[in-house]
Amino acid sequence: MYKVMLVDDERVILEGISQVVDWAAAGTELVDTARNGVEALGKIESAKPDIIITDISMPGLDGLGLIEKASEAYPAVRFIMLSGYKEFEYARKAMQYGVKHYLLKPCNENQIHDALVELLQERQDAQVKEHVAGEIKQRLQRVLPHVKEQFLLEFMTNRTYGPMDLEYYQDLFNLELQQKSVRLLLVRIVEEHDYSHLFAIKNIAADMLPDVLLSTTIEGKLLIVLAEPADVHMLQERIEAVRQTFTRLYRLELTAALSEADHMTQSRRLFREVMQYLNHRFFIGEGKLITKNDVVLAGECDGVNVEQDADQLCQLIKSGNTEGVAAEVHRLFEQLADQKLDIEVTRAYVVQLYSAMIQVCPPEEATDFTQRMAELTHMDTLADLNTFVADSATRLTAGYYKNYISRQSSAVEKMMDIVDRHYGEADLSLSGVAHQMLYMNPDYLGKIFKKVTGENFSNYVNRLRIERACEHIRRGGDVKVFELAELFGFGGNSQYFSQVFKKWTGMTPTEYRRFGI
């Protein structure tokens with residue numbers, strides 16, 4: 001149990017927190033309380049708390065002062081701050097002393113519990129990391145492990161090593177190797193790292209995996225020789241635990257491959273096998289344990305036509321169809337994942353696909369897209385290639401879509417200008433505008449007009465005619481209904497004009513004129 005001291009000048013809060021928090025559930029016990037910073041300093045020596053929960057605003061010595069003095073005298077103590085103040089300045093000062101948990105009053109027991117649990121987890125992680133670091137340093141100082149590593153490296157890479165060498169070294173290491181059935185575990189750190197991280201994996205694996213016989217680093221990867229376990233499934237679970245532990249401590253992702261079992265004399269074949277498994281991360285992604293069950297032999301090129309696929313994708317891009325482009329890219333990479341072609345064949349397919357996309361780039365973007373092609377050669381997984389192509393295709397499609405909308409808007413503006421100049425003509429129609437004035441398909445024009453304006457072309461024309469008729473009536477003049485119909489595009493059909501007028505205004509032309517609206 002970790003010991004906790006609670007410090008607050010308000011008796012009600014002090015007693016309340018003492019009673020409502022389930023200290024044991026958080027892995028702690030409340031060993032003492034204090035009403036201010038001075039009293040707390042006097043009690044730390046005897047109470048020996050691991051954690052101090054303290055208010056900021058207290059008479060005498062406030063919370064920040066307590067943290068400052070206690071941190072100097074007792075650097076191992078950790079703090080949780082309570083305060084009604086919201087100013088960042090208090091939190092900033094507290095951070096100087098490593099305080100990460102800053103709770104605003106009023107806070108409930110769950111918040112305090114969560115802060116305690118998180119703080120203790122941080123402390124335990126730090127202890128584990130410190131322990132691993134200590135182990136790394138200690139083992140690196142020993143000569144024998146270095147000899148073991150060098151032997152395994154030479155045995156895997158130097159064909160001159162044979163059974164006699166194996167017999168010699170198994171006596172030197174006091175290990176049974178020659179007749180031992182083993183599996184090889186090859187581990188790769190995904191992100192950029194330094195050499196010490198491989199030693200960290202080695203030591204974590206030594207603590208968590210059963211029967212680790214030998215290990216070494218080869219081409220920036222960690223190779224581990226394991227005695228064949230009674231339960232392979234359990235071994236795979238332990239390997240996954242190693243992967244998760246390393247990732248949690250160092251924030252680096254691991255990909256691992258586990259070979260089938262065979263005698264140590266066949267370890268070079270097993271090494272080629274496990275290298276092949278690890279290369280399969282290209283298809284299934286990083287951050288996994290890869291075994292024989294995950295590997296499918298590379299297929300042929302049947303069913304893949306890059307020219308046809310590229311042409312179809314580029315047509316969708318040029319149409320500005322964002323959803324269609326996303327679906328097509330997904331389909332193409334699903335196809336690659338299913339066929340599992342040779343890695344270089346797959347990469348060449350993606351390069352050709354991207355090259356076709358460059359051909360449909362706007363001139364101002366072609367240089368940038370071309371320069372980015374070099375990034376494809378540095379991508380180690382199909383998922384990375386997929387993301388790269390999908391992002392590039394989306395960017396291109398967005399540009400075409402913007403131009404497409406712009407062209408549509410321009411066409412609609414021309415249509416509206418024509419209507420504005422010819423609305424008084426009774427034979428004005430969508431077909432006439434399309435064929436005689438814009439030389440475009442009337443159905444297409446009608447669709448884009450509705451898309452841009454939200455209104456059918458005929459409704460727009462009639463609405464404009466009625467609006468202009470209303471303006472004419474308001475300006476005065478004892479004009480007859482049939483004359484209005486003639487002036488505003490209804491060909492003198494006063495009955496139809498009155499029907500349309502009432503539909504848009506709610507009254508007849510005569511009523512509209514009478515009320516002087």
Side-chain angles (χ1 to χ4, degrees), residues 145-190 198-199 201-206 208-243 246 254-298 340 342-343 380:
H146 177 72
V147 176
K148 288 182 178 180
E149 291 176 10
Q150 190 62 30
F151 158 71
L152 182 58
L153 175 63
E154 292 291 336
F155 194 79
M156 292 297 169
T157 59
N158 191 338
R159 292 181 177 274
T160 61
Y161 274 64
M164 293 184 61
D165 299 290
L166 190 61
E167 183 176 355
Y168 168 79
Y169 280 103
Q170 74 175 3
D171 292 339
L172 177 65
F173 302 147
N174 194 27
L175 287 173
E176 172 57 45
L177 296 175
Q178 203 159 20
Q179 301 301 319
K180 200 84 168 179
S181 183
V182 300
R183 288 178 184 257
L184 301 189
L185 175 66
L186 191 61
V187 181
R188 173 184 182 271
I189 301 176
V190 177
L198 292 172
F199 287 102
I201 303 171
K202 173 189 169 185
N203 283 276
I204 294 171
M208 301 181 67
L209 297 181
D211 296 328
V212 174
L213 302 177
L214 296 168
S215 63
T216 191
T217 55
I218 297 181
E219 298 176 357
K221 306 174 187 67
L222 178 67
L223 177 67
I224 300 176
V225 180
L226 301 165
E228 168 67 351
D231 187 341
V232 177
H233 180 70
M234 181 65 71
L235 173 62
Q236 293 177 359
E237 290 182 349
R238 295 281 186 87
I239 294 171
E240 178 60 21
V242 169
R243 195 186 67 80
F246 178 81
L254 296 180
T255 300
L258 182 66
S259 75
E260 293 294 284
D262 207 332
H263 287 96
M264 186 65 186
T265 52
Q266 299 298 314
S267 58
R268 290 196 189 97
R269 182 187 61 78
L270 293 180
F271 181 63
R272 292 193 298 271
E273 175 184 307
V274 82
M275 282 289 290
Q276 178 189 0
Y277 295 176
L278 194 62
N279 288 337
H280 203 71
R281 72 186 186 278
F282 180 85
F283 295 104
I284 67 175
E286 301 279 12
K288 297 179 177 64
L289 171 63
I290 306 171
T291 66
K292 184 178 181 179
N293 293 334
D294 301 308
V295 177
V296 178
L297 293 178
K340 292 183 174 60
D342 179 81
I343 292 175
D380 293 328

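Please read all numbers here as calculations on a predicted model, not as lab measurements.
- Taking CG of Leu209 as the reference point, atom NZ of Lys202 lies at 13.0 Å (rounded to 0.5 Å).
- Across Leu214 and Met264, no two heavy atoms sit closer than the pair CD1-CE, 4.3 Å.
- With rounding to the nearest 0.5 angstrom, the CZ atom of Phe155 is 7.5 Å from the OG1 atom of Thr265.
- Partners of Phe271 by ring pair (Phe, Tyr, Trp, His ring centres under 6.0 Å), not counting sequence neighbours: none found.
- Between Ala206 and Val212, the shortest heavy-atom contact is CA-CG2, 4.3 Å.
- With rounding to the nearest 0.5 angstrom, the CG atom of Leu184 is 11.5 Å from the CZ atom of Arg272.
- Residues passing the salt bridge (Lys or Arg N to Asp or Glu O under 4.0 Å) test with Asp262 are Arg269, sequence neighbours excluded.
- A side chain to side chain contact (heavy atoms under 4.5 Å, CB included) with Leu152 holds for exactly one of Val225, Val147, Thr157, Ile224; it is Val225.
- At least one donor-acceptor pair under 3.5 Å links the side chain of Glu273 to the backbone N or O of Glu260.
- Across all their heavy atoms, Ala257 and Tyr277 have their closest contact at CB-CB, 3.7 Å.
- With Ser181 contributing its side chain and His263 its backbone, the two residues share no donor-acceptor pair below 3.5 Å.
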Take Lys180 and Glu228 through the salt bridge (charged side-chain N to carboxylate O under 4.0 Å, His left out) test and state the conclusion after the steps. CA-CA 8 Å; Lys180 200 84 168 179; Glu228 168 67 351; over 6 Å; no

Verdict with supporting geometry, Ile218 and Thr216, side-chain contact (heavy atoms from CB on, under 4.5 Å): CA-CA 7 Å; Ile218 297 181; Thr216 191; 3.9 Å; yes

Steps toward side-chain contact (heavy atoms from CB on, under 4.5 Å) verdict (Met275, Leu186): CA-CA 8 Å; Met275 282 289 290; Leu186 191 61; 3.4 Å; yes

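- Taking each heavy atom of Leu175 and Leu213 in turn, the nearest pair found is CD1-O, 3.6 Å.
- In terms of modelled atom types and a separation under 3.5 Å, the side chain of Thr291 and the main chain of Leu258 share no donor-acceptor contact.
- Atoms CG and CG, on Leu198 and Asn203 in that order, are 11.5 Å from each other to the nearest 0.5 Å.
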Determine, step by step, whether Arg183 and Val232 satisfy the side-chain contact (heavy atoms from CB on, under 4.5 Å) criterion, reporting the C-alpha distance in whole Å, the side-chain angles of both residues, the deciding distance to 0.1 Å, and the verdict. CA-CA 10 Å; Arg183 288 178 184 257; Val232 177; 3.4 Å; yes

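- Residues Met234 and Pro229 are not in side-chain contact: their nearest non-hydrogen atoms beyond the backbone lie 4.5 Å or more apart.
- The distance from the CG atom of Leu278 to the CG atom of Leu185 is 10.0 Å, given to the nearest 0.5 Å.
- A side-chain donor from one of Glu154 and Gln150 sits under 3.5 Å from a side-chain acceptor of the other.
- Put simply, CG on Leu270 and CD on Gln266 are 7.5 Å apart, with the number rounded to the nearest 0.5 Å.
- Minimum interatomic distance between Ser215 and Glu149 (heavy atoms only, all atoms of both residues): O-CG, 3.1 Å.
- Residue Glu286 is tested with Ile189, Leu254, Val190 for a side chain to side chain contact (heavy atoms under 4.5 Å, CB included); the sole match is Val190.
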